[in-house]
Q: 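My structure is below; once you've seen it, I'll send some questions.
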Amino acid sequence: MKIASWNVNSLKVRLPHLEEWLKTAAPDVVALQETKTEDAKFPLEALTAAGYGCVYTGQKTYNGVALLARTAFCDVVSDAIVLDDPARRYLAATVDGVRIVNLYVVNGQDVGTEKYAHKLRWMQAVRDMLADELTRHPQLVVLGDFNVAPEDRDVHDPKRWHEKILCSTPERQALRAMLDLPLHDSFRLLEQGPGHHSWWDYRLMAFPRNWGLRIDLVLVSEGLRTRVRAVGIDRDTRAWDRPSDHAPVWVDIA
DNA sequence: ATGGTGGTGCGACCA
């Protein structure tokens, strides 16, 4: 069962990219973030034609998450955590007995801002949601754009990013609180080295310079940990014409 | 310390 996550940064613009990638990557389940698409305008026909059922919770201009799967969804929950936040960032469903939680974590803008404080509160609330999910679903996958690089080895230049947004200690502690549930960063079960990134800023020619961060994660519960047989980051998509600033990340579960 | 690019939508925002 191949489960993937991709922040597409506008599903309208990236639909051709998504269709092409679905053909070659052939995932069974896909979590999308930043669809920036109202539900009424979701490209259901194209994705149905590609062989996927869809559930989604979107909004105009900002945010928006969706799940695609080859088989049926059940127990779909969206935006159950609100925090006075109308943003569409949370979507959970069960597929083939595996609970999937798709997250688009608050970006936080800069350390010390109100948005940063909101990010930390949001992550704490999600941690509590995940704790609740785990009590009911021992086979749990939590994936998406976490907007946090877990460790310095996930950052192209840790000195440059020291205590900056996406890398600050409080953000990493908020992520650690999720990992302590426990959940496991699937990528690090199989790959230990630095230089693996999932996001490269559009600015400063970051991708050609490989100035990236690994902020898109697939976390798996203890019940799935030993069943992880492969992980990957499809970085080639970042070199495509008019790309998303994120690459798809995935895990293959036996 | 700042700016750079890209998406949305047509003016600023968000990332």
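Below, chain A is the first sequence line, B the second, and so on; all start at residue 1.
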Q: Any chance the side chains of A:W200 and A:H246 put a donor and an acceptor closer than 3.5 Å?
A: no
Q: Just how far, in rounded Å, is P of B:dT5 from CD of A:E34?
A: 19 Å
Q: Measure all distances between protein nitrogen or oxygen atoms and nitrogen or oxygen atoms of nucleotides 9-12 of chain B, and list the pairs falling under 3.5 Å.
A:
unit_1 : atom_1 : unit_2 : atom_2 : d
B:dG9  : OP1    : A:T61  : OG1    : 3.2

Q: Is A:F207 touching bases, backbone alone, or none of the nucleic acid, heavy atoms closer than 4.0 Å?
A: nothing
Q: Hey, which of these two, A:K36 or A:N63, hits DNA chain B nearer its 5' end, going by closest nucleotide?
A: A:K36
Q: Among A:N63, A:T61, A:N9, whose side-chain hydrogen bond (donor to acceptor under 3.5 Å, both in side chains) with A:K36 holds?
A: A:N9
Q: Whole-Å distance between B:dA1 C1' and A:D110 CG?
A: 12 Å
Q: Is the closest basic N to carboxylate O distance between A:D152 and A:R172 below 4.0 Å?
A: yes
Q: Rounded to whole Å, please give me the gap between CZ in A:R242 and C1' in B:dT8.
A: 11 Å
Q: Distance check needed: B:dA15 C1' versus A:K119 NZ, whole Å only.
A: 11 Å
Q: Report, one pair per line, the protein and nucleotides 2-4 of chain B atoms (nitrogen or oxygen only) whose separation is under 3.5 Å.
A:
unit_1 : atom_1 : unit_2 : atom_2 : d
B:dG4  : O6     : A:R203 : NH1    : 3.0

Q: What class does the angle between the rings of A:Y56 and A:F42 fall in, given that below 30° is parallel, 30 to 60° is tilted and above 60° is perpendicular?
A: parallel
Q: Please report, rounded to the nearest Å, how far the P atom of B:dG7 is from the CD atom of A:Q33.
A: 17 Å
Q: What integer number of Å spans the C1' atoms of B:dC14 and B:dG9?
A: 13 Å
Q: Using a 6.0 Å distance limit plus a 45 degree cone around the ring axis, check whether A:R203 lies over the aromatic ring of A:W211.
A: no
Q: Would you kindly give the CG-to-C1' distance between A:L166 and B:dC14, to the nearest whole Å?
A: 13 Å
Q: Can you pull the ring pair (Phe, Tyr, Trp, His ring centres under 6.0 Å) pairs that have at least one residue in residues 131-152 of chain A, sequence neighbours excluded?
A: none
Q: Nearest heavy-atom pair of A:N147 and A:N107: which atoms, and what distance?
A: ND2-CA, 3.5 Å
Q: Can you tell me the distance, in whole Å, between the CG atom of A:N107 and the P atom of B:dG6?
A: 18 Å
Q: Looking across every strand, which nucleic acid part, if any, lies under 4.0 Å from A:R89 by heavy atom: base, sugar-phosphate, or nothing?
A: sugar-phosphate
